[in-house]
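See below for the structure under consideration.
We count ligands from 1, going down the list as the structure has it; atoms in each ligand are counted the same way. Just the heavy atoms: all of them, side chains too, but no hydrogens, waters or symmetry mates, feed the values below.
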Amino acid sequence: MNLKVPEKDVIAAIATPPGRGAIGVVRISGPGSIEIAGRVFSGARNPSDLPGYGAALGWIIKDGARVDEVICLVMRGPKSFTGEDVAEFHCHGGPAVLRLVLEAVISAGARPAEPGEFTRRAFLAGRIDLSQAEGVADIIASETEAAARAAASQLEGALSERIGSVKDDLVRCLALAEAAVDFSDQEDVPEGLEELDRTLESARAKLQKLIEDAGRGKRYREGARVVIAGKPNVGKSTLMNALLGSDRVIVTSSPGATRDVIEDSVEIGGIPIRLFDTAGLREGGEEAEMIGMKKTIKSMSEADLVIIMLDGSRPLEKADLAVMTQAPPSYIVAVNKTDLPSQMSVEEVAKICGPPAALHISALTGEGLDGLEQAIADKLLGGKGAASPPFVTNVRHENAIREALDNLARALAARQDGLSEEFLAADLSRALDSLGLITGETADEDILDIIFERFCIGK
Ligand code: GDP
């Protein structure tokens with residue numbers, strides 16, 4: 001790693017969010033942190049006498065006065081988050097008292113920590129790699145449960161493991177390529193070249209899979225636009241309200257009530273979704289309705305997914321087919337009003353919508369809506385479902401994987417064109433460097449600054 005060894009000073013910060021809470025934590029890390037804690041703490045036991053993960057009850061003393069009654073928790077390096085000696089004061093969670101405790105600790109010899117400095121130390125100490133450190137920030141920033149699960153899997157090392165396996169392949173290829181260079185003046189093709197080709201292809205396939213997975217990650221991160229379209233009166237507004245769990249849109253039994261596109265946000269299967277209810281599509285109608293229909297067609301063309309609604313209590317009509325012709329490549333057909341006697345033949349619908357089969361729902365009673373939500377999530381995640389969290393959720397990681405793939409493509413081309421193994425070795429080294437950016441071996445100070453800047457102070 002081409003990074004500066006951190007200065008071994010003691011850093012301190014309030015680690016809990018601003019505002020009031022049951023407890024607030026002041027964290028201190030670095031060699032001598034436990035002694036510094038001892039200078040401001042008065043209790044039955046001195047922090048320096050505590051074993052790792054030992055705790056003591058006592059008072060924080062500042063300028064001779066008692067500030068707060070706290071628990072002092074001691075973690076001894078390397079068995080701590082930063083890998084260094086760490087002391088934490090679990091205080092009462094008020095902003096003023098926490099500031100006083102932090103000031104006391106700073107007067108006793110610590111310095112205020114920079115954003116993310118604790119995690120940066122954990123990374124520089126080799127406790128976690130860079131993608132795991134980013135997992136820490138992502139867990140904190142997660143707004144949906146799916147995002148939190150993906151971040152936890154990254155922190156656990158799921159991405160690092162996959163990148164590590166590709167790196168192993170590439171290191172093996174480099175060794176084989178170098179051996180081939182050494183034997184290049186011999187007549188026989190070195191045996192290792194076959195293994196090299198196989199390993200190279202396996203590495204490429206693994207990276208390709210990760211890139212496909214990045215598409216899922218992007219969905220969780222950036223969300224999707226989902227448009228509900230169909231003839232007037234099929235139940236679009238009722239479905240919009242049902243999915244939102246509120247009466248956002250006015251529902252009437254007179255066709256053409258929704259003249260404008262109405263949008264709102266909802267989370268489906270962990271994906272943040274912008275949901276659009278549109279004006280019904282039919283022939284004719286007055287001017288305002290025509291303008292509404294134009295907007296519907298525009299929304300459909302900009303959608304990631306369209307839900308085409310049919311009214312199952314009526315026979316299929318030409319106007320239903322007209323809606324289908326406007327559908328983008330990604331759509332779901334939902335036959336609504338299953339609570340009423342069916343007038344629409346399943347075969348007829350299947351003929352026009354093709355596989356997968358249409359879903360039967362009742363927007364009014366809620367029947368079939370769970371299945372519809374599942375289908376929406378599956379469709380947006382490329383049929384992969386939300387069974388496992390995505391491995392690649394971060395644009396930085398995705399870019400590095402693409403860079404590595406480009407270098408591998410060049411390496412494969414070099415093999416096919418019979419270029420010398422030196423060219424191959426150069427491409428392989430570059431691919432390894434790109435992957436090292438993810439785990440941090442080839443990351444420089446500037447990259448670390450950018451990454452840790454987005455952390456909060458105290459993490
Ligand atoms: P839109 O014009 O497509 O937005 O349709 P609306 O949501 O305004 O609904 C039109 C009419 O159909 C209203 O009277 C709704 O109550 C009714 N409706 C919608 N969904 C259902 C359903 O699943 N079952 C039944 N029986 N009626 C429904």
Side-chain angles (χ1 to χ4, degrees), residues 225-266 268 273-303 305-328 330-346 348-350 352-353 357-376:
R225 296 164 69 90
V226 175
V227 167
I228 309 172
K231 259 179 1 188
N233 240 17
V234 293
K236 298 181 295 297
S237 302
T238 309
L239 177 65
M240 171 95 168
N241 287 337
L243 291 174
L244 293 174
S246 72
D247 285 338
R248 168 77 169 80
V249 195
I250 299 165
V251 174
T252 69
S253 54
S254 53
T258 308
R259 299 290 168 84
D260 215 338
V261 177
I262 296 169
E263 54 174 293
D264 214 325
S265 301
V266 64
I268 295 179
I273 284 181
R274 206 69 199 141
L275 193 61
F276 298 79
D277 178 22
T278 59
L281 292 174
R282 64 168 172 175
E283 280 183 0
E286 42 158 315
E287 200 186 345
E289 202 181 335
M290 299 282 275
I291 295 171
M293 287 196 263
K294 273 195 186 151
K295 287 188 181 172
T296 300
I297 292 171
K298 185 165 180 286
S299 307
M300 285 172 83
S301 69
E302 291 166 354
L305 176 68
V306 174
I307 302 169
I308 296 179
M309 279 191 91
L310 306 174
D311 181 345
S313 70
R314 304 171 66 93
L316 200 65
E317 284 179 9
K318 240 170 69 188
D320 290 310
L321 300 176
V323 178
M324 303 283 306
T325 60
Q326 303 292 340
S330 191
Y331 65 86
I332 291 172
V333 178
V335 180
N336 191 31
K337 308 195 189 181
T338 48
D339 54 300
L340 297 178
S342 168
Q343 295 284 328
M344 196 173 276
S345 106
V346 177
E348 234 177 320
V349 176
I352 55 158
C353 76
L359 292 162
H360 292 261
I361 62 166
S362 169
L364 197 65
T365 66
E367 197 187 321
L369 291 191
D370 286 349
L372 177 64
E373 292 191 350
Q374 183 65 50
I376 293 171

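- Comparing Glu367, Met309, Lys231, Lys337 by heavy-atom distance to atom 12 (O) of ligand 1, the nearest is Lys337.
- Side chains of Ile268 and Val226 form no contact here, defined as non-hydrogen atoms less than 4.5 Å apart.
- When side chains are defined from C-beta on, Leu239 does not count as touching Asp277, because their heavy atoms never get closer than 4.5 Å.
- When only interatomic distances are considered, the shortest N/O to N/O separation between Ala363 and ligand 1 falls below 3.5 Å.
- The side-chain contact (heavy atoms from CB on, under 4.5 Å) test with Lys337 is passed by exactly one of Asp311, Ile361, Val234: Asp311.
- Taking distance alone, with nitrogen or oxygen atoms compared against 3.5 Å, Asp277 stays at or beyond that limit from ligand 1.
- Of all the atoms in ligand 1, the ones that sit under 4.0 Å from a non-hydrogen atom of Lys236 are 1 (P), 2 (O), 3 (O), 4 (O), 5 (O), 7 (O).
- The closest non-hydrogen atom to atom 6 (P) of ligand 1, taken over Asn336, Leu340, Thr238, comes from Thr238.
- Less than 4.0 angstrom separates some heavy atom of Ser237 from each of these atoms of ligand 1: 1 (P), 4 (O), 7 (O).
- When only interatomic distances are considered, the shortest N/O to N/O separation between Thr365 and ligand 1 does not fall below 3.5 Å.
- When Asn241, Val234, Asn233, Ile361 are ranked by how near their heavy atoms come to atom 2 (O) of ligand 1, first place goes to Asn233.
- Of the candidates Thr338, Asp339, Leu239, Ile262, the one placing a heavy atom closest to atom 24 (N) of ligand 1 is Asp339.
- Ser362 places no side-chain N or O within donor-acceptor distance of the main-chain N or O of Thr338, the cut-off being under 3.5 Å.
- Legend: residues meeting salt bridge (Lys or Arg N to Asp or Glu O under 4.0 Å) with Glu367, ordered by chain and number and at least two apart, are absent.
- Judged purely by atom type and a 3.5 angstrom limit, Asn336 has no side-chain atom pairing as donor or acceptor with the backbone of Met309.
- With respect to Lys231 and Asp320, a salt bridge is recorded, a charged nitrogen being found less than 4.0 Å from a carboxylate O.
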